[in-house]
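Note that the structure is predicted; figures quoted are calculated from it, not measured. Only this structure's heavy atoms are used, side chains among them; waters, hydrogens and symmetry mates stay out.
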Amino acid sequence: MYVSFDDTDSNKGLCTTYLATEVIDKINLDLIGYPRLIRLNPAVPWKTRGNGSLFMKFGKGYGVKKEIGEINGKKIYSYLKSKKIFMDESELMEELLPIIKNNRCPESDTGVIVSRKKPSPFLYWKGVKQIVEKQEVLDILNEIGAEYHEFGNGRGLIGAACAMACRPRDRTYEYIAYRKKENWGTEREFDRYSVKEMDEKVTSTFNNWEEETQKPCIFPGTPCPVLYGIRGDSYADLFKAADLVKTETVDRHVIFQTNQGSDDHVLRKFDSLIPLSSYQIEGKVVKIEKIPGGHLIFVVETSFGNVDCTVYEPAKTFRNAITWLSPGDCVEVIGELRETPRTLNVEKLNVVSLTKELEKISNPLCEVCGRRMESVGKNKGYRCRDCKTTSSEAIYKENIRWILPGWYEPPPSARRHLSKPLKRMNEEQPLSFVNSRI
Ligand code: ZN
């Protein structure tokens with residue numbers, strides 16, 4: 001039996017993944033496969049914090065089982081296979097609802113689904129890349145005979161249905177450790193350099209440590225029950241990773257399978273650029289400029305017209321790389337297209353090829369007398385005062401380019417949940433930039 005829910009949290013605390021641990025603990029059935037934390041289109045304007053939905057499959061497990069966590073001192077296992085269970089959707093929903101009511105934020109627009117059938121994977125791909133309307137989801141849920149329940153305006157049903165529809169291609173895992181209830185809302189206690197050590201030793205993990213600020217990225221800044229989350233490619237390595245991280249006492253932990261770090265949200269083939277989705281565009285740099293607030297805009301000429309690409313202040317040194325681009329450079333840019341102002345919020349940049357950067361060093365020399373010509377006016381060329389000879393071209397030198405072709409990305413703390421880190425693409429940023437050119 002498939003269960004999914006979404007939109008149970010608010011900015012005030014709680015967390016949909018914590019609710020998942022409560023469900024896993026209290027439902028009298030076995031987990032079949034991994035519980036999943038599915039992030040959906042980050043451009044959706046009404047998203048909760050990380051726009052993450054939870055999916056689980058429950059049954060009567062048998063055969064091979066894997067340890068995936070511990071809740072209230074009890075080991076949690078996930079089974080590969082399930083026996084048939086004689087329970088209908090509404091019975092399971094009845095068991096679920098009190099747990100959800102106890103752990104959801106009253107202002108949230110929660111949606112809960114119980115179903116024997118999954119929606120088509122098409123719904124996942126739409127939900128992670130585009131905007132899905134609630135009515136479309138309700139039609140699908142009715143068609144597959146799902147049982148569903150909503151709180152508030154029930155918008156969470158959209159995310160819940162999309163998460164249930166997911167058949168992961170690129171998958172990653174997150175080991176989420178939770179705090180003891182009495183510590184919720186207080187400052188988290190941890191040894192930051194234990195995270196650095198973990199990051200170096202367990203190389204299948206990602207986005208743990210920010211070298212340039214010497215800061216760990218696994219601890220949330222919100223007052224939620226999560227102590228930390230370690231992301232990685234290998235389920236087994238995450239146990240080793242968690243053993244290396246030194247913190248206050250962990251209350252419980254669960255490993256979720258996720259679509260984080262997959263770039264599943266990026267549209268690569270499209271006919272037009274419609275806001276509220278993320279795209280990979282390609283084209284030539286037209287200009288680069290700083291705007292107030294420490295942000296930076298560069299304009300890229302594409303087959304869809306010129307696109308303003310913005311890199312915000314929190315991207316720190318990633319902005320520096322952009323300043324070393326020149327008009328004429330060929331780039332690929334991945335980012336989310338915002339509506340107003342219409343701009344692509346840059347998540348990653350691929351410098352495909354570099355143009356020659358020419359810098360004017362002086363006016364041309366007269367071919368007759370050898371003296372320096374003078375400018376006739378802006379863009380009007382040059383003329384020798386004595387001989388009346390003219391020339392249109394100044395003398396240029398070719399600058400050394402201080403940037404190399406390759407992929408560039410913001411530091412870990414400025415990355416999106418869904419953005420695929422270069423590490424997972426087997427790419428390495430060719431240079432890092434201390435200085436900005438402008
Ligand atoms: Zn002359």
Side-chain angles (χ1 to χ4, degrees), residues 1-27 29 31 35-58 71 89-116 118-119 123-124 126-128 131-142 144-166 174 176 178 181 184 220 222-226 254 256 258-259 417:
M1 198 90 84
Y2 304 117
V3 169
S4 67
F5 44 86
D6 185 23
D7 203 331
T8 68
D9 52 357
S10 73
N11 294 323
K12 285 186 206 138
L14 292 177
C15 162
T16 311
T17 71
Y18 182 79
L19 168 53
T21 67
E22 284 289 291
V23 168
I24 294 168
D25 185 44
K26 301 211 159 68
I27 290 286
L29 287 168
L31 264 178
R36 285 188 197 144
L37 166 59
I38 300 296
R39 305 283 180 179
L40 297 164
N41 185 359
V44 168
W46 52 81
K47 68 183 168 190
T48 51
R49 250 179 298 135
N51 212 13
S53 302
L54 268 297
F55 165 86
M56 278 155 270
K57 184 180 179 184
F58 286 107
I71 303 171
E89 291 90 329
S90 58
E91 272 176 82
L92 183 52
M93 183 63 92
E94 239 168 79
E95 261 194 70
L96 272 169
L97 287 179
I99 308 168
I100 289 172
K101 279 181 193 154
N102 277 335
N103 290 282
R104 65 177 280 273
C105 227
E107 303 93 57
S108 60
D109 298 309
T110 309
V112 190
I113 304 172
V114 178
S115 178
R116 276 183 192 280
K118 282 184 184 182
L123 185 64
Y124 165 68
K126 189 166 181 193
V128 75
I131 303 291
V132 177
E133 299 295 336
K134 191 174 159 199
Q135 191 53 50
E136 182 178 356
V137 161
L138 293 179
D139 292 344
I140 293 171
L141 293 178
N142 291 331
I144 62 171
E147 182 84 15
Y148 53 90
H149 190 94
E150 54 182 83
F151 299 87
N153 70 20
R155 197 145 51 195
L157 280 178
I158 302 173
C162 294
M164 193 178 276
C166 178
E174 182 165 357
I176 304 185
Y178 299 86
K181 214 163 200 163
W184 293 7
T222 50
C224 71
V226 173
V254 171
F256 294 90
T258 82
N259 60 348
H417 294 304

* Leu54 and side-chain contact (heavy atoms from CB on, under 4.5 Å): which partner among Thr8, Ile38, Thr17? ->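 Option passing the side-chain contact (heavy atoms from CB on, under 4.5 Å) with Leu54: Thr17.
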
* To do: Among Leu92, Ile27, Leu29, find the one that has a side-chain contact (heavy atoms from CB on, under 4.5 Å) with Met1.
  =>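 When Leu92, Ile27, Leu29 are each tested with Met1, the side-chain contact (heavy atoms from CB on, under 4.5 Å) holds only for Leu92.
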
Measure the spacing between [atom1] of [X] and [atom2] of [Y] and express it to the nearest 0.5 Å.
X	Y	atom1	atom2	result
Leu141	Ile113	CG	CD1	4.5 Å
Arg39	His417	CZ	NE2	3.5 Å
Leu97	Arg104	CG	CZ	10.5 Å
Glu95	Ile100	CD	CD1	11.5 Å
Phe5	Thr110	CZ	OG1	9.5 Å
Met164	Ile144	CE	CD1	6.5 Å

* Criterion side chain to side chain donor-acceptor pair (under 3.5 Å) against Ser53, the qualifying member of Thr16, Asp7, Asp6 ->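 Going through Thr16, Asp7, Asp6 one by one, the side chain to side chain donor-acceptor pair (under 3.5 Å) with Ser53 is satisfied by Asp6 alone.
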
Between [Y] and [X], is there a side-chain heavy-atom distance shorter than 4.5 Å?
X	Y	value
Asn259	Cys166	no
Phe55	Lys118	yes
Leu40	Val128	yes
Met56	Leu31	yes

* With sequence neighbours excluded, give me every salt bridge (Lys or Arg N to Asp or Glu O under 4.0 Å) pair touching residues 15-24. =>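 Output for this query lists Glu22-Lys26, Glu22-Arg252.
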
Which pair of non-hydrogen atoms, one from [X] and one from [Y], has the smallest distance, and what is that distance?
X	Y	result
Glu133	Ile158	C-CD1, 4.2 Å
Cys15	Cys224	CB-CB, 4.4 Å
Leu19	Ile99	CD1-O, 3.8 Å
Ala161	Val137	CB-CG1, 3.6 Å

* Derivation and outcome, side chain to side chain contact (heavy atoms under 4.5 Å, CB included), residues Val114 and Tyr2 -> CA-CA 6 Å; Val114 178; Tyr2 304 117; over 6 Å; no

Under 3.5 Å, which donor-acceptor pairs do the side chains of residues 148-155 form with other protein atoms, sequence neighbours left out?
| unit_1 | atom_1 | unit_2 | atom_2 | d |
| --- | --- | --- | --- | --- |
| Tyr148 | OH | Asn142 | OD1 | 3.0 |
| Glu150 | OE1 | Lys134 | NZ | 3.3 |
| Glu150 | OE2 | Lys134 | NZ | 3.0 |
| Asn153 | OD1 | Arg155 | N | 2.9 |

* In this structure, are over 12 heavy atoms from other groups packed under 6.0 Å from Glu136 atom CD? -> yes

* Ser115 side chain vs Ala146 backbone, donor-acceptor pair below 3.5 Å -> no

* **Residue list, ring-ring contact (aromatic ring centres under 6.0 Å, His included) with Tyr124, at least two apart or on another chain** => none

